Amino acid sequence: MSKKNGGKPPLSYQSFLKLAGEPSWASSPLSITLSSLPPVGNTGNCNISEVPTVEELGYEETQQDELSPFRGGETEALKRLRESIENKEWVAKFEKPKGDPSAFLKPATTVLSPYLKFGCLSSRYFYICLKDLYKNVKTHTVPPVSLAGQLLWRDFFYTVAFGTPSFDRMRGNKICKQIPWNDDDELLVAWREARTGFPWIDAIMTQLRMWGWMHHLARHCVACFLTRGDLFVHWEKGRDVFERLLIDSDWAINNGNWLWLSCSSFFYQYNRIYSPISFGKKYDPNGDYIRHFLPVLKDMPKEYIYEPWTAPLSIQNKAKCIIGRDYPKPVVAHDSASKDCRRRMAEAYALNQKMSGMVSAEDLRNLRRKLEEDKKPEVENKRQRKLIG
DNA sequence: GGTCAGTTGTTGTT
DNA sequence: AACAACAACTGACC
């Protein structure tokens, strides 16, 4: 069957770099000659409206013990940029996958994304600063992992989002795998409200609610958990939550990363699932991050803090945190849930391949039914095996 | 049609 | 700290 009717592969980062090349302005000296700006007060033909209030934007005044530590504005943005690039060695050695997602007192990245998103910081200025720094060091990392590479990822997602109709949806999106996601609002709400019963996941979702920002890898963990890793909830639902709560949410980057993490596009190794128990542990064995964002667990011994439901009742009593009363029981069993997700992803991929990407709503309904039916015989088989054995 | 690489997995072994 | 096994995806390139 011809591939031209659907299932179009997305642009790759490497291809994007080749196509884009190095922008002409990148080689200009740091003192860029600015094109002339209109005088202050001259707004040309722009229609100026009042800046809406926070309430008008739909954000209610909420009671919160802790607020985002990140202040807005250009002054703050330039200060942050200066502080980041002052440490030349840190910038030169920056490799995105190697940051600590549990670091919150001093985040492992620049946290310049909110300032880029609101236009408080010029991405070109940031890029030129990095190029200038690279010139003055012996060695430095390179895209995709370098700090400059991160800015290029931003442009990569802008480019592919611009060129892809229905980029922010599964249906009608040619680069998006058609996957029979659950429509389970209970699981979605548990995830959104930080009560999945997995402290690592809930701490991250709490940081999202309080700070509007969390480390990139932390975002990966919760996005994987919601979609292909454990809950099998539609990535569009998670995307909506991020779009609402992140202070750096950016339409193209947010949608692009949800497509990525849900293995719907760009990335396809659905066997690689972040463990909601062991992933955080390797960075933060004591669970300080969890203790900070989920104070209800602050006295749980470190042996149990990532899996408090396994703590003996005496320990739970001593920690003043009874699982099921003070902190929720896990909404799923990770081992079986992730296995089931793998099975569903394999079936969905097979269907997409068979249909060359042209998977209809009915095809998905049929696959959902098949996946449910396949589950039943498995239980039957187990019973049979037991009887025989 | 085969090979190889791909920004960020996990578990277990040496 | 580095490696293989796990099970095996896609897309670029030949």
Side-chain angles (χ1 to χ4, degrees), chain A residues 3-4 6-19 91 93-103 107-110 113 130 140-157 160 164 173-179 198 200-201 204 214-230 253 256-285 306-307 334-357 359:
Chain A
K3 250 196 153 181
K4 67 172 181 255
K8 203 174 79 167
L11 182 67
S12 74
Y13 182 83
Q14 293 302 333
S15 306
F16 163 74
L17 292 188
K18 272 189 203 168
L19 284 168
V91 174
K93 287 184 173 164
F94 186 93
E95 273 184 81
K96 191 59 165 285
K98 288 190 181 163
D100 178 354
S102 69
T109 54
T110 63
S113 52
L130 293 174
H140 61 84
T141 51
V142 292
V145 297
S146 63
L147 200 48
Q150 303 313 307
L151 280 168
L152 297 172
W153 276 107
R154 176 173 175 272
D155 268 35
F156 165 74
F157 283 121
V160 68
T164 308
N173 180 348
K174 286 239 166 59
I175 67 165
C176 183
K177 297 256 184 251
Q178 303 298 304
I179 295 166
F198 290 89
W200 173 245
I201 299 297
I204 295 168
M214 66 285 209
H215 185 273
H216 181 71
L217 286 180
R219 300 179 192 202
H220 279 218
C221 287
V222 296
C224 177
F225 183 85
L226 179 72
T227 58
R228 66 183 171 84
D230 288 86
I253 301 171
N257 277 303
W258 277 95
L259 283 163
W260 189 296
L261 261 295
S262 64
C263 282
S264 297
S265 197
F266 308 109
F267 175 79
Y268 311 95
Q269 286 181 256
Y270 55 77
N271 283 306
R272 296 188 182 174
I273 293 173
Y274 291 91
S275 165
I277 295 145
S278 43
F279 187 82
K281 214 185 266 181
K282 69 184 177 201
Y283 296 96
D284 179 16
Y306 284 87
E307 308 167 85
H334 172 66
D335 283 347
S336 55
S338 60
K339 268 203 189 84
D340 199 44
C341 283
R342 280 188 176 96
R343 178 180 70 94
R344 295 192 226 190
M345 290 300 283
E347 295 268 6
Y349 268 47
L351 179 65
N352 277 266
Q353 193 164 56
K354 185 179 148 205
M355 309 302 286
S356 301
V359 178

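In what follows, chains are A, B, ... by sequence order, proteins preceding strands, each numbered from 1. No experiment lies behind these values; they were computed from the predicted model shown.
Checking side-chain atoms of A:Q269 against main-chain N and O of A:F267 turns up no donor-acceptor pair under 3.5 Å.
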For nucleotides 10-12 of chain B, give me every protein contact, N/O to N/O, under 3.5 Å, one pair per line with atom names.
unit_1, atom_1, unit_2, atom_2, d
B:dT10, OP1, A:S275, N, 2.5
B:dT10, OP2, A:K282, NZ, 3.2
B:dT11, OP2, A:S278, OG, 2.9

Please tabulate the protein-to-nucleotide N/O contacts below 3.5 Å involving nucleotides 2-9 of chain C, giving atom names and distances.
none

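Look at the P atom in both B:dG2 and C:dC6: the space between them is 23 Å, to the nearest Å. C:dA8 and B:dC4 have their C1' atoms separated by 14 Å, given to the nearest Å.
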Would you sketch DNA chain B in dot-bracket for me? Only Watson-Crick or G-U wobble pairs with both distances under 3.5 Å count, crossing pairs as [ ], other-strand pairs as |, the rest as dots.
||||||..||||||
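At a threshold of 4.0 angstrom between heavy atoms, the contacts of A:E95 with the nucleic acid are absent.
Shown here are the side chain to side chain contact (heavy atoms under 4.5 Å, CB included) partners of A:S12, two or more places apart in sequence or in another chain: A:Q14, A:S15. A:F225 pairs by the ring-ring contact (aromatic ring centres under 6.0 Å, His included) definition with A:F198, not counting sequence neighbours. The salt bridge (charged side-chain N to carboxylate O under 4.0 Å, His left out) search around A:D340 returns A:R343, A:R344, A:K375, not counting sequence neighbours. With sequence neighbours left out, the side chain to side chain contact (heavy atoms under 4.5 Å, CB included) criterion links A:A148 to A:Y127, A:L130, A:Y134, A:S146. Shown here are the side chain to side chain contact (heavy atoms under 4.5 Å, CB included) partners of A:A223, two or more places apart in sequence or in another chain: A:W258, A:L261. In this view, A:H216 and A:H220 satisfy the ring-ring contact (aromatic ring centres under 6.0 Å, His included) rule, not counting sequence neighbours. Under the rule for a ring-ring contact (aromatic ring centres under 6.0 Å, His included), the partners of A:F279 that lie at least two apart in sequence or sit in another chain are A:Y274, A:Y283. For A:K177, the side chain to side chain contact (heavy atoms under 4.5 Å, CB included) test picks out A:I179, A:Y268, A:Y349, A:N352, with sequence neighbours left out.
Judged purely by distance below 3.5 Å, without hydrogens or angles, the side chains of A:D100 and A:H215 never pair a donor atom with an acceptor atom.
How far OG1 of A:T109 is from CE of A:M214: 12.0 Å, rounded to the nearest 0.5 Å.
For the pair A:N352 CG and C:dG11 C1', the interatomic distance rounds to 16 Å; values are reported in whole Å. Rounded to a whole Å, the CZ atom of A:F267 is 9 Å from the C1' atom of B:dT8. Rounded to whole Å, atom C1' of B:dT7 lies 13 Å from atom CG of A:L147. In this structure, the CH2 atom of A:W260 is 12 Å from the C1' atom of C:dG11, given to the nearest Å. Distance A:K8 NZ to C:dG11 P: 12 Å, rounded to the nearest Å.
Within residues 10-19 of chain A, the residues approaching DNA chain C are A:P10, A:K18, by heavy-atom distance under 4.0 Å.
Residue A:F266 is tested with A:F16, A:F157, A:W153 for a ring-ring contact (aromatic ring centres under 6.0 Å, His included); the sole match is A:F157.
More than 12 heavy atoms of other residues, nucleotides or ligands sit less than 6.0 Å from atom NZ of A:K281.
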